[in-house]
Amino acid sequence: MSDRKVRVRFAPSPTGPLHMGGVRTALFNYLFAKKHGGDFILRIEDTDQNRFVPGAEEYIIESLNWCGLTPVEGPGMGGNYGPYRQSERKELYKKYADQLVESGWAYYAFDTPQEIETLRNAAELKGETFSYGISTRNDLNNSLRLPENEVQQKIDAGEAFVIRFKMPEDLEVTEEDLIRGSVTFNTTKSLDDKVLFKSDGMPTYHLANVVDDHLMKITHVIRGEEWLPSMPLHVLLYRAFGWEDTKPRFAHLPLILKPVGKGKLSKRDGDKMGFPVFPLLWTDPETGDISRGYREDGYFPEAFLNLLALLGWNPGTEQEFFNLDELSKLFSLERVVKSGSRFDPEKAKWFNKHYFQQKSTEELSKLFKPVLSEKGIEAPDEKIRAVVAEIKERCEFVNDLWEQGSYFFVAPESYDEKTVSKRWTQETPGQINAIAGVFENVKNWKAESIKEAFSAFMNEKGWGFGAIMNPLRLSLVGGNLGPDLFVICELLGKEETISRIQTALQKIG
């Protein structure tokens, strides 16, 4: 670690919803900054105006806020190195592109998209791949081949051009990746002359990224492994600008893999297997298609972050549950693995169940209240708390509270057929009716008193408890589920309990 203050950035493009892999990249940047007392910055890389999607930037910021990954600098947040949207910085990139041309590290290329496409097609017919670079550039329509006066004439005439990086020939570019170790690329074998500045006056990712990281004093670039092939170009750009002394350290994170099969996790996997891949629900502004989100599916942000932290990183211990502060203290890039990590949707639910069970009855009751309101149910807070206390152990999500306890608020409209055929005999109606009469006479409507009266009556009659309790439960809840039967009676109230018994007698017969 150098003496410079650690400064890292999360730099997404607003081209759609933020994938959970992007959130993990943000998380690892955030944890690294916190660990070293540094700054976590958000920068929006919107140089590709053709792929810009309305609402995507707001979605990114809301996702980070939901997760508690709050940047110290970014759009709308202030900071000494703004603006933090690349589209608002476009005036400064041309200066740096021109500097590279003047120093011989870049050149003007006037080839039209149609000409490039023709070259690509011709190469394909020969079973080859066209690359604009060391082996082809001296035969193409650019300032390396054209006389200087002709180049100037084209520029003065307003002819469209791009600025391309002039990749050095046969150079070994070696860089130490903080996760992968020493990585070497040969410029002639694997690198082409990438466009740095486009004909629409916007920089490409490569130029804007390097310039911004330098101007924003970024010390560590922690990003997905899909950017690993770009690292040698970025290293050479630092060299070309004379910024090698302040060049950031690089760390390329492993992919998050599909639950089944090969390749990285995609929205299609989530659609097919029934789980979200985005932090929040997303509605496509063009098609209206809705993609599920972890928040709307009922996951707690702490569960979501916990599962992401352990996709590609491990603490070196058996511990599996961490809050953000614990993660910040323990996190290190040395413990990030090189290979991809397989996502397990069942493990995601398991994490959520843990955090669900950690929450107090009071907290869960507050979360359950809006679910009840949506269904048009108003109930006293005291009853909601009592119901939650009884059923929370069976739940993983707040919505499960409704699935496990809806009968506390709404009488059953139907009765489980299997339970009816198995438990409802010819004797049942008379027996259940008699129990209703016993309940009528219970003065102190508490579970203990109800049970006492019930047991005394059953013993007096010599009836089997199982023969009565199962159909009684069926009458009250519609199936064979729920906590202690007498607790159910207490929470329903005397009047409702007897009413439900009478309804069951009419409906089941």
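No hydrogens, no waters, no symmetry mates; every other heavy atom, side chains included, goes into these values.
Other residues, nucleotides and ligands contribute at most 12 non-hydrogen atoms within 6.0 Å of the NZ atom of K369. With a 6.0 Å radius and a threshold of 12 heavy atoms from other residues, nucleotides or ligands, E393 has its CD atom at or below the threshold. Heavy atoms of other residues, nucleotides or ligands lying less than 6.0 angstrom from NZ of K217 number 12 at most. More than 12 non-hydrogen atoms from other residues, nucleotides or ligands lie less than 6.0 angstrom from NZ of K35. Residue K258 places its NZ atom among more than 12 non-hydrogen atoms of other residues, nucleotides or ligands, all under 6.0 Å distant.
Using cut-offs of 30° and 60° on the angle between ring planes, the pair W66 and F304 is tilted. Below 30°, between 30° and 60°, or above 60°: for F130 and Y132 the angle between ring planes is above 60°, a perpendicular geometry. A perpendicular orientation is assigned to the rings of F161 and F110, their planes being inclined by more than 60° (bins at 30° and 60°).
No side-chain donor-acceptor contact under 3.5 Å links R9 to the backbone of I41. Counting only distance, with no hydrogens or angles, the side chain of D284 and the backbone of D289 share no donor-acceptor pair below 3.5 Å. One N or O on the side chain of Q357 and one on the backbone of K392 form a donor-acceptor pair closer than 3.5 Å. Of the possible polar contacts, one joining the S103 side chain to the L100 backbone as a donor-acceptor pair under 3.5 Å is found. Of the possible donor and acceptor atoms, one in the side chain of R7 sits under 3.5 Å from a partner among the backbone N and O of M216. The backbone N or O of E396 lies less than 3.5 Å from a partner atom in the side chain of D400, making a donor-acceptor pair.
In summary, of the residues considered (V8, I222, T25, L324), a side-chain contact (heavy atoms from CB on, under 4.5 Å) with Y30 occurs for L324 alone. When each of L64, I44, L27 is tested with F10 by the rule side-chain contact (heavy atoms from CB on, under 4.5 Å), just one qualifies, namely L64.
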Step by step, work out the side-chain hydrogen bond (donor to acceptor under 3.5 Å, both in side chains) result for H252 and R223.
-> CA-CA 5 Å; H252 290 88; R223 59 190 179 186; 3.1 Å; yes
List the steps, then state whether ring pair (Phe, Tyr, Trp, His ring centres under 6.0 Å) holds for F165 with Y107.
-> CA-CA 7 Å; F165 187 72; Y107 58 92; 9.2 Å; no
Apply side-chain hydrogen bond (donor to acceptor under 3.5 Å, both in side chains) to N121 and T118, showing your working.
-> CA-CA 5 Å; N121 293 336; T118 301; 5.7 Å; no
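Using a 4.5 Å cut-off on side-chain heavy atoms (C-beta onward), S360 and E363 make contact. A 4.5 Å side-chain heavy-atom check between S87 and Q49 finds at least one atom pair inside the cut-off. The shortest side-chain heavy-atom distance between E225 and I179 does not fall under the 4.5 Å cut-off. Between Q86 and D212, some side-chain heavy-atom pair lies under the 4.5 Å cut-off. The closest side-chain heavy-atom distance from T184 to V173 is not below 4.5 Å.
Applying the side chain to side chain donor-acceptor pair (under 3.5 Å) criterion to K198, with sequence neighbours excluded, gives no partner residue.
Ion pair D344/R342 not flagged as a salt bridge, since none of the NZ, NE, NH1 or NH2 atoms sits closer than 4.0 Å to an Asp/Glu carboxylate oxygen. Taking the charged nitrogens against the carboxylate oxygens, K247 and E244 have no contact shorter than 4.0 Å, which rules out a salt bridge. Ionic pairing of K267 and D271 is present here: one or more N-O contacts between side-chain nitrogen and carboxylate oxygen are shorter than 4.0 angstrom.
In this structure, K359 is positioned above the aromatic face of F300, its NZ or CZ under 6.0 Å from the six-membered ring centre and within 45° of the axis.
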Under 3.5 Å, side-chain donor or acceptor atoms of residues 308-321 against the rest of the protein: list the pairs with distances, not counting sequence neighbours.
unit_1: N314; atom_1: OD1; unit_2: G316; atom_2: N; d: 2.9
unit_1: N314; atom_1: OD1; unit_2: R335; atom_2: NE; d: 3.4
unit_1: N314; atom_1: OD1; unit_2: R335; atom_2: NH2; d: 3.0
unit_1: T317; atom_1: OG1; unit_2: Q319; atom_2: N; d: 3.3
unit_1: Q319; atom_1: NE2; unit_2: F321; atom_2: O; d: 2.8
unit_1: E320; atom_1: OE2; unit_2: K347; atom_2: NZ; d: 3.0

